[in-house]
Amino acid sequence: MRRIQYRLLAIIISIGLIGIITPIIYTNSLALDQAQEGIIDKLRSHANAILVYSGSSQKDTFQGLATEYSDASSLRVTLIAADGSVIGESSLPNNQLSQMDNHIDRSEILAAQEFGEGFSTRYSTTLKTEFLYFAKKVDQNYHGFKYVRLAQSLKSVKNPASTYREFYYLIIGFMILVIIIAWFLLKNWLTDPIQELTQAADDISKGDLSRRIIINTGGVEIDNLATNMNQMAMTLDQDFRRIKRMEKVRSEFLGNVTHELKTPISSISGYIETLLEGAIKDENVNIDFLKRALENVKRLEELVTDLVEISRIETGELKMNYDYFNIYTLLNDIHKDAKQRNSNKNIKIQLEVPDKKLFLYGDEGRLEQVIDNLVSNSMRYTDQGHIRIKVIRRDNELVFSIIDTGIGISRKSINRIFERFYRADKARDRRKGGTGLGLAISKHIIEAHGSNIYVDSLEGKGSTFSFGITTICP
Ligand code: ADP
C-alpha cells in the first residue's frame, strides 16, 4: 500500500515538474523570439541610418565609416562589396581588414542578395559570442558598397529568465501548492480508501464477517466498491449464520431422534429380559409384558415411518400428487374410523359439512394423513366434550377445522408445537403416544399445497386446528 502512495507522489511530482518546466521553456523561447524581433527592427533602422549617414560622413574610407558608426551606436558594422569582400569592419583595426574571409556565402548576405534583406544568428569565432546579423542590399554605385551588415551580441538577451524570474517564482510556488493539494486530495480520495478496502478484504478473508467498510469519497466507483463489499460481507455473514443455525437444528434433531428411538428400544429389551429371567412362567404378567413389548415395537415402527417421511419431505424427495377430487367420502371414512377407535364414552365426534360436493385440488393421500393426524391428536388430548371435524366454504377455498374441548395448549408452547419432536408436556405427551412429528409433517404438507395451518387454543378449554385448501383446479 505504501508503495502505491509513493508511486502516486512520484506521478504528482512529475506532473508538477512538467508544469514548472514547460512554461519556463515556453517563456524562454517566447522571450528570445520577442528580443530577436526587437533587435532586427533596431538593426534595420540602423542600416537605413548608416546609408543616410554615409552621405554626410567626413570619413573617406569605409573602414572609417564602419568604425565611426559603430562607436556611435555600439553595434558591429560591416560593409561588404558586391563580390563579398569586406571593405569596412568596425570590430577590426584597418590593417587586419584584408585577413577577413569573403562574406558572400554568409546566410544573411545570401538572403539579402535574394530578398533585399536577411538575418541570421551565428556564433562568431572572431568575437566568441553569439551574434544576430542583419544585412541589407543597397545600390553599390551610389554608396560604394553592396551590403551593409549590422550585428549585435545576443549575450544580453540569451538570459531572458532574469526578466521573467518573478514570474517563474510565482509559477513554481503555484505548482508546489498544486502538488500539495493534489497529494492530499489523492490521499483522501484514493490511497486511504484503497488502503481501507484492502484491509477490510483482508479481515473478511480471515473470517471477520462482521467487518464493514465506512468510506465516503464522493467518487462513485470506490464508494460502489465499498457498498458491494459490505453487501458481500453481509450476505456471507447471513449465509454463515444460517449454516450454523442449520447445523444446530440438525444436531438437535439427531439428538432427539436418538432419544426417541432409545426409549422404546430400552423398554422392549427390559420386558424381554424380565421375561427371560423367569417372568415368562408367571401367568399374571407374561402376556401383559409381551403386549407392552409389542406396543413399543409398534411405536418404534411408527417413529421410523414418520422419520423417513419427514426427511423425504424436507429433502424435497417426496412429491405431491395433486388432483381435483371430492373429499367428502374421505372425511366420512375418517369420521367413522375415529368413532370406532374411540373408547371414551365422554367424547362425541361429529362431522359438519355444508353438503356432500366438497371438491378441491390437492393430494388426497397427504390430506387424509393431515386430517387423520389432527383428529388423532384431538382424541389423544381430549378427555370429555366433543371433537368436531368441520368444513366450510370461503371464497375459493374449503376451510377445514378440527375443533376439540381438550386440554388446550399453553401460550408458551403454542408457537412451537409445529417443531419436530416438540411436546408441550414431554413426559405426559410421550405417554399418550404419538411421535412428536405429526404436526411438523402436517405443516409441511399444507405448505406444499400453498396454504398454512393455524392453531387457536385456550389452556383447559380446547384447541382448534384449521387450514384452507383451494377449490380451483388450475
Ligand atoms: P404428537 O405425536 O406428540 O402428538 P404432534 O406433532 O402431533 O406430536 O403434536 C405436538 C404437540 O402438540 C403434542 O405433543 C402436544 O403437546 C401438542 N398438541 C397437538 N395437538 C393437540 C391438541 N389437539 N390439544 C392439545 N395439545 C395438542
Side-chain angles (χ1 to χ4, degrees), residues 249 252-253 255-264 267 295-314 334-335 337-339 341-342 344 346-352 366-390 399-448 452-467:
V249 168
E252 266 176 19
F253 179 62
N256 279 329
V257 169
T258 317
H259 181 71
E260 294 293 330
L261 289 175
K262 257 171 126 180
T263 317
S267 294
E295 244 171 52
N296 277 291
V297 170
K298 281 188 176 161
R299 187 168 151 62
L300 209 56
E301 195 184 356
E302 214 182 314
L303 194 67
V304 171
T305 310
D306 276 3
L307 273 174
V308 170
E309 184 94 342
I310 197 147
S311 70
R312 284 175 73 195
I313 289 175
E314 287 186 359
I334 291 176
H335 177 227
D337 183 55
K339 279 205 294 193
R341 277 192 289 148
N342 179 32
N344 185 345
N346 295 326
I347 310 175
K348 255 178 122 171
I349 305 175
Q350 294 156 246
L351 175 65
E352 299 171 17
R366 296 283 156 196
L367 290 177
E368 177 180 8
Q369 193 180 345
V370 172
I371 299 164
D372 239 348
N373 175 244
L374 296 179
V375 173
S376 299
N377 277 353
S378 288
M379 289 167 72
R380 199 175 292 149
Y381 302 108
T382 307
D383 293 330
Q384 59 177 15
H386 55 252
I387 292 164
R388 294 155 64 201
I389 306 165
K390 185 179 166 189
V399 179
F400 296 80
S401 303
I402 316 303
I403 307 155
D404 66 50
T405 53
I407 60 169
I409 303 158
S410 69
R411 278 175 158 275
K412 182 170 77 66
S413 299
I414 202 151
N415 291 324
R416 302 199 54 192
I417 53 166
F418 293 103
E419 288 174 19
R420 294 174 301 195
F421 293 121
Y422 185 82
R423 290 184 174 99
D425 180 338
K426 295 222 173 325
R428 184 206 60 197
D429 292 356
R430 194 175 285 122
R431 256 196 330 275
K432 281 183 180 286
T435 59
L437 290 172
L439 285 181
I441 294 172
S442 297
K443 183 172 157 44
H444 276 302
I445 293 172
I446 298 305
E447 280 174 356
N452 284 303
I453 184 162
Y454 300 97
V455 57
D456 192 13
S457 185
L458 204 61
E459 229 178 335
K461 294 280 178 205
S463 315
T464 300
F465 285 82
S466 53
F467 60 90

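For ligands, and for the atoms within them, numbers begin at 1 and follow the listed sequence. Hydrogens, waters and symmetry mates play no part in the numbers below; they use all other heavy atoms, side chains included. Treat the numbers as computed from the prediction; the structure is a model and nothing was measured.
- Of the protein's non-hydrogen atoms, the one nearest atom 5 (P) of ligand 1 is Leu439 N, 3.6 Å.
- Applying the ring-ring contact (aromatic ring centres under 6.0 Å, His included) rule to Phe253 yields the partners Phe421; only residues at least two apart in sequence or on another chain are considered.
- At the top of the distance list for atom 7 (O) of ligand 1, counting protein heavy atoms only, stands Asn377 ND2, 2.8 Å.
- Salt-bridge annotation for Glu447 and Lys443: present, with a side-chain N of the basic residue lying under 4.0 Å from a carboxylate O of the acidic one.
- Nearest protein heavy-atom neighbour of atom 18 (N) of ligand 1: Tyr381 CE1, 3.8 Å.
- Close contacts between ligand 1 and Arg380 involve ligand atoms 1 (P), 2 (O), 4 (O) [criterion: under 4.0 Å to a heavy atom].
- Contact check on Lys298 versus Glu301 returns no salt bridge, with no Lys/Arg side-chain nitrogen under 4.0 Å from an Asp/Glu carboxylate oxygen.
- For the residue pair Ser442 and Asn373, a side-chain donor N or O sits within less than 3.5 Å of a side-chain acceptor on the partner.
- The part of Asp404 lying near ligand 1 is the side chain, judged by heavy-atom distances below 4.0 Å.
- Between Ser466 and Ser401, the side chains place no donor N or O within less than 3.5 Å of an acceptor N or O (distance only, hydrogens not considered).
- The closest approach between any non-hydrogen atom of Phe465 and ligand 1 is below 4.0 Å.
- Counting atoms of ligand 1 from 1 in the listed order, those under 4.0 Å from a heavy atom of Thr435 are 2 (O).
- When heavy-atom distances to ligand 1 are checked against a 4.0 Å cut-off, Ala424 comes that close through both its backbone and its side chain.
- With a 4.0 Å heavy-atom cut-off, ligand 1 is reached by the backbone of Tyr422 but not by any atom from C-beta on.
- With sequence neighbours left out, the side-chain hydrogen bond (donor to acceptor under 3.5 Å, both in side chains) criterion links Arg423 to Glu260.
- In summary, the side chains of Ser413 and Tyr422 do present a donor paired with an acceptor at a separation below 3.5 Å, with no hydrogens or angles considered.
- Judged purely by distance below 3.5 Å, without hydrogens or angles, the side chains of Arg380 and Asn377 pair a donor atom with an acceptor atom.
- When Ile409, Ile407, Ile387 are checked for heavy-atom proximity to atom 26 (N) of ligand 1, Ile409 turns out nearest.
- Among all protein heavy atoms, the one lying closest to atom 17 (C) of ligand 1 is Ile417 CG2, 4.0 Å.
- The heavy atom nearest to atom 8 (O) of ligand 1, considering only Gly436, Ser442, Ala440, Gly408, is found in Gly436.
- Ile387 places none of its side-chain heavy atoms less than 4.5 Å from the side chain of Thr405.
- The nearest heavy-atom contact from the protein to atom 16 (O) of ligand 1 is Asp429 OD2, 2.4 Å.
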